[in-house]
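Heads up, the thing below is written out as structure tokens.
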Amino acid sequence: MKLAIGCDEAACNLKNALKAHLLAQGHEVTDFGTHDNEPVLYPDMAFEVAQRVAAGDFPRALLLCGTGIGMAICANKVPGIRAAQCHDTYSAERASRSNDAQIITIGARVVGPELAKAIVDTWLRASFDGGRSQPKVDLINAFDSARAAA
């Protein structure tokens with residue numbers, strides 16, 4: 001799968017570990033940085049990656065920061081994006097199956113590398129169920145469309 005990944009300096013080491021893990025599985029990973037623990041403003045990173053996902057350049061992306069919270073808040077500001085902060089494999093599965101989240105965020109200060117790999121693997125294996133969740137996702141999409149038209 002073609003994936004985007006981005007982080008701030010708090011999560012550079014986790015990003016590198018996840019990138020290596022994904023590449024070893026045969027995924028195509030585009031790394032938006034930061035590189036070498038260089039400080040960045042995480043909203044810039046989140047907006048850039050989320051806009052690329054919304055444009056269709058990537059079907060899914062990972063955003064990493066200290067807690068995962070800031071990246072999720074920022075990514076969700078981009079119309080058409082559903083980003084979910086995931087801290088365990090259950091939340092990762094539900095992000096995909098119930099919410100059709102194209103982006104997950106993980107906090108490097110709260111999730112270790114091995115758990116982060118399991119979270120990402122679970123999310124990538126899961127797919128949107130539709131069903132009872134479809135009207136909810138449709139409503140989110142309708143709200144985004146109305147906001148973009150305003």
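For the atom pair CD1 of Ile69 and SG of Cys74, the computed distance is 12.0 Å after rounding to the nearest 0.5 Å. Taking CG of Leu41 as the reference point, atom CD of Glu9 lies at 8.5 Å (rounded to 0.5 Å). Distance CD1/Ile140 to CD1/Ile81: 12.0 Å, rounded to 0.5 Å. For the atom pair CG of Asp44 and OG1 of Thr34, the computed distance is 11.0 Å after rounding to the nearest 0.5 Å. Separating the NZ atom in Lys117 from the CG atom in Leu14 is a distance of 9.5 Å, to the nearest 0.5 Å. Distance check: Tyr42 OH to Ile73 CD1 gives 6.0 Å after rounding to the nearest 0.5 Å.
Side chain of Asp8 to main chain of Val40: no donor-acceptor pair is present (N/O by atom type, distance under 3.5 Å, no hydrogens or angles). Remark: side-chain polar atoms of His27 are paired, donor with acceptor, to backbone N or O of Met1 under 3.5 angstrom.
For the side-chain contact (heavy atoms from CB on, under 4.5 Å) criterion with Ile5, the lone passing option out of Asp31, Val120, Val49 is Asp31.
Looking at Val111 and Asp88, their side chains never come closer than 4.5 Å, going by heavy atoms from C-beta outward. At least one side-chain heavy atom of Pro59 sits less than 4.5 Å from a side-chain heavy atom of Lys2. By the 4.5 Å heavy-atom criterion applied to side chains, Asp121 and Thr89 are not counted as neighbours.
Sorted by first and then second residue, the side-chain hydrogen bond (donor to acceptor under 3.5 Å, both in side chains) pairs involving residues 50-73 (not counting sequence neighbours) are Arg52-Asp57, Arg60-Ser96.
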In a table with atom names and distances, give each donor-acceptor pair under 3.5 Å that connects a side chain of residues 99-109 to protein atoms at least two apart or in another chain.
residue, atom, partner, partner atom, Å
Asp100, OD2, Arg82, NH2, 3.2
Gln102, OE1, Arg82, N, 2.7
Gln102, NE2, Gly80, O, 2.7
Thr105, OG1, Gly68, O, 2.8

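Nearest heavy atom pair, residue Cys86 against residue Ala95, reads SG-CB, 4.1 Å.
For the residue pair Gln134 / Asp129, no side-chain donor-acceptor distance below 3.5 Å is found, with atom types taken as modelled.
Within 6.0 Å of CZ in Arg132 there are 12 or fewer heavy atoms belonging to other residues, nucleotides or ligands.
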